[in-house]
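First up is the structure itself, then whatever we jot down about it.
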Amino acid sequence: MQVVHSRADFFAAREQLTGPVGLVPTMGALHAGHAALIETAARTAESTVVTVFVNPLQFGPDEDFGRYPRALPADLERCAAAGADLVWAPAVEDVYPGGPSRVRVDPGSLGAELEGAARPGHFAGMLTVVAKFLGLVRPAVGFFGEKDYQQLTLIRRMAADLELMVGVAGVPTVREPDGLALSSRNIYLSADERQRATALSRALFAGQDAAAGGAAKAVAAAREVLESTGGIDVDYLELRDAELGPAPDHGSGRLLVAARLGRTRLIDNVPVSL
Ligand SMILES: Nc1ncnc2c1ncn2[C@@H]1O[C@H](COP(=O)(O)OP(=O)(O)OP(=O)(O)O)[C@@H](O)[C@H]1O
Ligand SMILES: CC(C)(CO)[C@@H](O)C(=O)[O-]
Ligand code: BAL
């Protein structure tokens with residue numbers, strides 16, 4: 001596995017890669033969820049590129065850009081074990097050599113809903129850096145986690161609507177044994193918050209079980225779990241269709257939650273059958 005930092009070294013290393021390339025963009029602090037993305041890419045593509053980059057453009061002024069966990073040596077070990085061929089860990093100047101991008105990708109109306117309502121500008125910043133990495137790496141397929149389901153949906157939309165001629169693959173959420181979705185931000189949780197945080201996945205699974213009775217019953221079952229736990233400040237709990245349009249009466253949907261535990265904001269989602 002090769003590791004590069006500068007833009008020039010990345011271009012040189014990219015030229016050496018053969019066959020269809022799989023890309024796994026990450027912000028580092030890698031865990032078993034990221035490893036699942038890398039392993040899936042390595043199984044599917046001939047060469048696998050992982051980017052490790054905390055993108056300032058997708059953080060608001062009051063968010064955790066400064067304190068976001070950075071752990072490159074451990075990340076490199078995880079990338080190697082999961083089968084990556086090339087890791088690019090650029091500095092901000094390598095990704096934005098002329099200063100902040102003058103052009104931003106507009107996520108459309110979905111970009112202002114759910115996560116976008118709580119994090120204005122987040123999805124434009126995220127799509128802009130993903131578009132740049134797709135252009136720089138030129139993969140056949142990009143791999144993204146279902147844990148960030150709205151992000152995955154918007155990346156699929158960007159690839160389709162802007163004819164980027166790249167595959168977008170979603171990888172199921174990897175969870176702790178007690179159900180908590182793995183997330184780099186879980187390390188912010190105190191012991192008490194960590195225990196309460198299981199309420200997010202318990203709520204989603206309760207909603208999944210109740211979904212045969214319709215969307216309202218599913219949301220009510222999930223809300224009951226969250227409210228009975230305490231110490232959880234729910235930002236949204238919504239049932240949508242699989243493309244994040246309004247909830248359907250029948251068929252596939254997605255139940256999504258975002259909540260704060262102390263200073264930490266967590267998100268999770270599950271598929272539901274109505
Ligand atoms: N538990 C998980 N299972 C599967 N994929 C995941 C999981 N957590 C993150 N991913 C995916 O890994 C990629 C990189 O995500 P990122 O580096 O932001 O990690 P994260 O753990 O989601 O961090 P954060 O706490 O910032 O949300 C994204 O495509 C994301 O959806
Ligand atoms: C896709 C991504 C790497 C873009 O910065 C980020 O949003 C993430 O880690 O999910
Ligand atoms: N995991 C999605 C990227 C972010 O929270 O900024």
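These values consider heavy atoms only, across backbone and side chains, with no hydrogens, waters or symmetry-generated copies. Remember, it's 1-based here, ligands and their atoms both numbered in the order they're listed.
For atom 27 (O) of ligand 1, the closest heavy atom belonging to the protein is Lys147 NZ, 3.0 Å. The single protein non-hydrogen atom nearest to atom 25 (O) of ligand 1 is Ser183 OG, 2.6 Å, given as residue, atom name and distance. Of the protein's heavy atoms, Arg185 NH1, 2.7 Å lies nearest to atom 5 (O) of ligand 3. Nearest protein heavy-atom neighbour of atom 3 (N) of ligand 1: Val174 N, 2.9 Å. Shortest contact from atom 9 (O) of ligand 2 to any protein heavy atom: Met27 CG, 3.2 Å. Protein heavy atom in closest approach to atom 2 (C) of ligand 3: Asp148 OD1, 3.4 Å. Counting only heavy atoms of the protein, atom 3 (C) of ligand 3 lies nearest to Gln58 NE2, 3.2 Å. When only non-hydrogen protein atoms are considered, atom 30 (C) of ligand 1 lies nearest to Asp148 OD2, 3.1 Å. Scanning the protein for heavy atoms near atom 19 (O) of ligand 1, the closest one is His34 NE2, 2.9 Å. Of all protein heavy atoms, the one lying nearest to atom 5 (O) of ligand 2 is Gln58 OE1, 2.7 Å.
Near Leu182, meaning under 4.0 Å from one of its heavy atoms, ligand 1 places the atoms 1 (N), 2 (C), 7 (C), 8 (N). Shown in contact with Val129 at under 4.0 Å from a heavy atom are these atoms of ligand 2, numbered in order with element: 4 (C), 5 (O). Contact atoms of ligand 1 toward Gly33: 2 (C), 3 (N), 4 (C), 5 (N) (distance under 4.0 Å to a heavy atom of the residue). Here is the list of ligand 1 atoms found below 4.0 Å of a heavy atom in Leu37: 11 (C), 12 (O), 13 (C), 29 (O). Against a heavy-atom cut-off of under 4.0 Å, Gln151 is close to the following atoms of ligand 3: 2 (C). Close approach to Pro25 involves these atoms of ligand 2, each under 4.0 Å from a residue heavy atom: 3 (C). When each atom of ligand 2 is checked for a heavy atom of Met126 under 4.0 Å away, the hits are 7 (O). Contact atoms of ligand 1 toward Phe144: 29 (O) (distance under 4.0 Å to a heavy atom of the residue). Short contacts between ligand 1 and Pro25, defined as distances under 4.0 Å to a heavy atom of the residue, involve ligand atoms 13 (C), 14 (C). Atoms of ligand 1 lying under 4.0 Å from at least one heavy atom of Thr173, given by number and element, are 1 (N), 3 (N), 4 (C). Close approach of ligand 1 to Gly145 is summarised as follows: ligand atoms under 4.0 Å from at least one heavy atom of the residue are 5 (N), 11 (C), 28 (C), 29 (O), 30 (C), 31 (O). Taking every non-hydrogen atom of Ser184 and a distance limit under 4.0 Å, the qualifying atoms of ligand 1 come out as 19 (O), 20 (P), 21 (O), 23 (O), 25 (O).
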- For Ile267 and Leu256, run side-chain contact (heavy atoms from CB on, under 4.5 Å): C-alpha distance rounded to whole Å, both residues' side-chain angles, the deciding distance at 0.1 Å, then the answer. CA-CA 8 Å; Ile267 60 173; Leu256 305 105; over 6 Å; no
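Side chain of Thr198 to main chain of Arg194: no donor-acceptor pair is present (N/O by atom type, distance under 3.5 Å, no hydrogens or angles). A donor-acceptor distance shorter than 3.5 angstrom exists from the side chain of Thr128 to the backbone of Val105, with no hydrogens or angles considered. Looking at Arg78, its side chain does come within 3.5 Å of a backbone N or O of Leu30 through a donor-acceptor pair.
Within the structure, the closest approach of Pro172 to ligand 1 falls below 4.0 Å when heavy atoms are considered. The closest approach between a heavy atom of Met27 and any atom of ligand 3 is below 4.0 Å.
Counting non-hydrogen atoms of other residues, nucleotides and ligands closer than 6.0 Å to CZ of Arg138 gives a total above 12. Surrounding CD of Glu224 are at most 12 heavy atoms belonging to other residues, nucleotides or ligands under 6.0 Å away. By the 6.0 Å contact criterion, CD on Glu113 is enclosed, its count of non-hydrogen atoms from other residues, nucleotides or ligands being greater than 12.
Within the model, atoms CZ of Phe123 and CG of Asp106 stand 13.0 Å from one another, a figure rounded to the nearest 0.5 Å. With rounding to the nearest 0.5 angstrom, the CG atom of Leu23 is 9.5 Å from the OG1 atom of Thr48.
Not one N or O of Val171 is nearer than 3.5 Å to an N or O of ligand 1, by distance alone. Checking only distances, Tyr68 does come within under 3.5 Å of ligand 1, N or O to N or O. At least one N or O atom of Gln151 sits closer than 3.5 Å to an N or O atom of ligand 2. Considering both main-chain and side-chain atoms, Ala181 never comes within under 3.5 Å of ligand 1 through any nitrogen or oxygen pair. In terms of polar-atom proximity, defined here as any N/O pair under 3.5 Å, Thr26 makes no such contact with ligand 1.
Taking only non-hydrogen atoms, the option from Met126, Met27, Glu146, His31 nearest to atom 8 (N) of ligand 1 is His31. Evaluated by nearest non-hydrogen atom to atom 4 (C) of ligand 3, the leading choice among Arg119, Arg265, Gln150 is Arg119.
Residues Trp88 and Phe53 place their aromatic rings such that the two centres sit no closer than 6.0 Å.
Contact annotation for Lys147 and ligand 3: no heavy atom of the residue comes within less than 4.0 Å of the ligand. Of the heavy atoms in Ile155, none comes closer than 4.0 Å to ligand 2.
Nearest heavy-atom pair across Ala203 and Leu226 is CB-CG, 3.7 Å.
Checked by atom type, the side-chain pair Asn55/Gln58 shows a donor-acceptor distance below 3.5 Å. A donor atom on one side chain and an acceptor atom on the other are not found under 3.5 Å apart for Glu146 and Thr173. Residues Glu115 and Tyr236 bring a donor and an acceptor atom of their side chains to less than 3.5 Å of each other. Inspection of the Tyr149 and Asp268 side chains reveals no N or O donor paired with an N or O acceptor under 3.5 Å.
The hydrophobic clustering, which links ILVMFWY residues whose side-chain heavy atoms are closer than 4.5 Å, places Leu164 and Phe133 together.
One finds a salt bridge joining Asp235 and Arg265 here, because a Lys/Arg side-chain nitrogen approaches an Asp/Glu carboxylate oxygen to under 4.0 Å. Ionic pairing of Arg156 and Asp161 is not present here: no N-O contact between side-chain nitrogen and carboxylate oxygen is shorter than 4.0 angstrom.
In this structure, the side chains of Gln2 and Val4 come closer than 4.5 Å at one or more pairs of heavy atoms.
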